Amino acid sequence: MRSIIYILGISIMFCFNSCSQNLKKISESEVSKSDLQIAQDFATNYLTKLRNGEYYHFENEAIDEFKNQLNEENQKAIYQNLKNEFGDFQSLAYSET
C-alpha cells in the first residue's frame, strides 16, 4: 500500500511539473496598444453591465463554448463572488503582460 501511495505521489508531481507554463514578463514596447485598449474596453463594459444588474451579451468577442458557459446566471454568480471578495467594480488599470 505504501508503494502505491509513493508511486501516485510521484505521478502527480510529474503531471504538475509537465503541465507548468514557462511564463515571462514582456517589455512595455512589446505590448500592442490597440490590443490592450480592446481588452480594457471589453473588461470595463463587461464589469459595468454586471455591476448595474444586467448581463453581457456576447457577440463575436468569444467562441461559442465560452458564450454558452457564461450565460446570464453564471455571469451574475461570478460577479457576486467578485463583489463579495473585492467590492463593487469601480475601474481597472493595466499592470503588466
Side-chain angles (χ1 to χ4, degrees):
M1 181 63 142
R2 187 173 254 183
S3 61
I4 293 174
I5 293 173
Y6 181 70
I7 292 171
L8 182 63
I10 290 175
S11 298
I12 290 172
M13 287 181 4
F14 178 73
C15 287
F16 284 138
N17 191 30
S18 66
C19 294
S20 67
Q21 297 178 357
N22 188 13
L23 301 176
K24 68 173 186 133
K25 182 178 175 181
I26 63 173
S27 68
E28 290 296 316
S29 63
E30 294 178 274
V31 176
S32 167
K33 301 301 179 196
S34 62
D35 289 346
L36 177 60
Q37 189 62 50
I38 290 169
Q40 287 180 318
D41 291 345
F42 167 75
T44 300
N45 292 337
Y46 177 79
L47 292 168
T48 300
K49 281 195 173 280
L50 293 173
R51 180 189 62 204
N52 295 335
E54 304 170 32
Y55 80 101
Y56 190 86
H57 179 72
F58 289 95
E59 292 178 11
N60 62 352
E61 304 95 329
I63 60 173
D64 290 334
E65 290 81 9
F66 190 74
K67 292 178 193 179
N68 293 336
Q69 286 183 339
L70 283 178
N71 58 31
E72 181 176 1
E73 291 175 10
N74 288 345
Q75 285 184 39
K76 289 183 178 182
I78 291 168
Y79 184 75
Q80 189 61 44
N81 288 339
L82 289 171
K83 182 179 174 181
N84 292 341
E85 186 75 24
F86 303 105
D88 257 340
F89 170 71
Q90 296 174 2
S91 65
L92 57 88
Y94 171 73
S95 178
E96 65 185 29
T97 303

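Side chains are part of it too, since the values below use all heavy atoms of this structure and drop only hydrogens, waters and symmetry mates. In this text, all values refer to a predicted model and were calculated from it rather than measured experimentally. All residue numbers in this chain count up from 1 along the given sequence.
- For Ser95, there are no side chain to side chain contact (heavy atoms under 4.5 Å, CB included) partners at least two apart in sequence or on another chain.
- Put simply, the side chain of Lys33 reaches to within 4.5 Å of the side chain of Glu28, judged on heavy atoms.
- For the pair Asn71 (side chain) and Glu73 (backbone), a donor-acceptor distance under 3.5 Å is present.
- Rounded to the nearest 0.5 Å, atoms OG (Ser32) and CD (Glu30) are 11.5 Å apart.
- Formation of a donor-acceptor pair under 3.5 Å by the Gln75 side chain with backbone atoms of Leu70 is found in this model.
- For the pair Arg51 (side chain) and Phe89 (backbone), a donor-acceptor distance under 3.5 Å is present.
- Closest heavy-atom contact between Glu54 and Lys76: O-CE, 3.9 Å.
- Although no hydrogens or angles enter the test, the distance criterion places no donor-acceptor pair under 3.5 Å between the side chain of Glu61 and the main chain of Phe58.
- In this structure, Phe86 is not a member of the same hydrophobic cluster as Tyr94, with clusters built from ILVMFWY side-chain heavy atoms closer than 4.5 Å.
- Atom CG of residue Leu92 and atom OH of residue Tyr46 lie 13.5 Å apart, to the nearest 0.5 angstrom.
- In this structure, CG in Leu82 is found 9.0 Å from CG in Leu50, a value given to the nearest 0.5 Å.
- Checked against the 6.0 Å centroid threshold, Tyr56 and Phe42 count as a close aromatic pair.
- For the pair Asn74 and Gln69, the tightest heavy-atom approach, listed with the atom from each and the gap, is ND2-O, 2.5 Å.
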